[in-house]
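Report on one structure; see the data block that follows.
In what follows, chains are A, B, ... by sequence order, proteins preceding strands, each numbered from 1.
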Amino acid sequence: MKTTRHPKGGALASDAGKKLGRGFYARPAEQVARELLGKVLIHRKNGWMRRARIVETEAYVGVDDLACHASKGRTQRTEVMFWRGGHAYVYLVYGMYEMFNIVTSVAGDAQAVLIRGAMGLDGWDADLLGPGKLAREMGITRRLNGADLTKSELFVSKTRAPAPRIGAAKRVGVEYAKHWKDAPLRFYDQASVRISKVGKALLIAPETQP
DNA sequence: GCGTCGATGGCA
DNA sequence: GCCATCGACGCG
């Protein structure tokens with residue numbers, strides 16, 4: 001892609017590629033979480049855009065998954081998780097960090113993928129490893145809760161990326177989730193420099209293709 | 001490099 | 001009372 005770069009990193013918004021469509025998101029969270037690795041997340045604003053390659057995700061697989069917010073039921077906070085796939089679910093944790101998730105599957109089946117890490121593109125040298133930092137640096141706030149990624153200025157590019165070598169591990173910060181706490185639903189690109197909190201003990205056998 | 005701890009506010 | 005977190009601080 002031919003791009004004009006912003007001095008601090010980022011590129012002209014007009015150079016953004018096509019958005020992934022509903023079909024991509026209307027599938028189980030685990031599959032979407034794997035296939036999001038290597039894809040490019042874009043947030044356009046004021047004629048410019050920030051692009052980042054996704055390197056780490058986590059799947060939350062529905063009301064039966066005790067780590068999934070939707071397991072608490074359909075509340076004001078979890079409402080968008082019950083919408084059809086492709087919407088942003090953004091919420092606040094620990095009083096200061098916004099978590100950016102993408103709702104997946106069909107309406108009524110509350111699954112979502114938490115975007116945990118990415119690498120800045122277009123000369124953008126931000127630290128996007130960790131969900132709190134990623135959302136903050138990409139300017140993703142609760143204002144975008146419920147946004148439709150198939151139509152919004154926030155979206156994932158359809159551009160084909162080389163399929164990364166995928167590692168799986170247990171999810172972070174879900175020790176309370178009883179028999180779900182060790183489920184291998186965190187996925188990461190093994191070629192990525194560093195992944196947030198990937199302890200050796202957490203690693204499951206490497207995998208190859210989404 | 002690693003363990004511990006506090007910040008800070010929404011939520012059930 | 002708990003968090004799908006992060007950064008500062010103390011080690012030695």
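Following rounding to the nearest Å, A:N101 (CG) and C:dT5 (P) show an atom-to-atom distance of 11 Å. To the nearest angstrom, P of C:dT5 lies 14 Å from CG of A:L129. When rounded to the nearest whole Å, the span between CD of A:E137 and P of C:dG7 equals 9 Å. Following rounding to the nearest Å, A:N145 (CG) and B:dC11 (C1') show an atom-to-atom distance of 14 Å. Counting to the nearest Å, the P atom of B:dG9 and the CD atom of A:Q76 are 19 Å from each other. Computed from coordinates, the A:E98 CD to C:dC6 C1' distance equals 14 Å when rounded to whole Å. For the pair A:L128 CG and C:dC6 C1', the computed distance is 15 Å after rounding to whole Å. A:Y176 places its OH atom 13 Å from the C1' atom of B:dC11, with the value rounded to the nearest Å.
Annotation: ring pair (Phe, Tyr, Trp, His ring centres under 6.0 Å) contacts involving residues 154-181 of chain A, sequence neighbours excluded, are absent.
Clustering ILVMFWY residues whenever any of their side-chain heavy atoms sit less than 4.5 angstrom apart, transitively, puts A:F82 in a cluster other than the one holding A:V61. Tracing side-chain contacts under 4.5 Å through hydrophobic residues (I, L, V, M, F, W, Y), one never reaches A:V93 starting from A:I102; they form parts of separate clusters.
The one candidate from A:M49, A:R50, A:R51 that meets the side-chain contact (heavy atoms from CB on, under 4.5 Å) condition with A:R44 is A:M49.
Here A:R171 does not pair with A:E58 in a salt bridge; the nearest charged N to carboxylate O distance is not below 4.0 Å. Electrostatic pairing of A:D182 and A:K170 counts as a salt bridge here, judged by a charged N lying under 4.0 Å from a carboxylate O. Taking the charged nitrogens against the carboxylate oxygens, A:R84 and A:D148 have no contact shorter than 4.0 Å, which rules out a salt bridge. Contact check on A:E98 versus A:R142 returns a salt bridge, with a Lys/Arg side-chain nitrogen under 4.0 Å from an Asp/Glu carboxylate oxygen.
Looking at residues 89-97 of chain A, you'll see A:L92, A:Y94, A:G95, A:M96 sit with a heavy atom under 4.0 Å from some atom of DNA chain B.
One finds a side-chain N or O of A:K133 lying less than 4.0 angstrom from the OP1 or OP2 phosphate oxygen of C:dG7. Phosphate proximity of C:dG7 to A:R136: present, with a side-chain N or O under 4.0 Å from OP1 or OP2.
For the pair A:L128/A:V55, no side-chain contact is recorded, criterion being any heavy-atom separation below 4.5 Å from C-beta on.
Helical stems of DNA chain C (runs of at least 3 Watson-Crick or G-U pairs, donor-acceptor distances under 3.5 Å) are listed by first residue: B:1-7 with C:5-11, B:9-11 with C:1-3.
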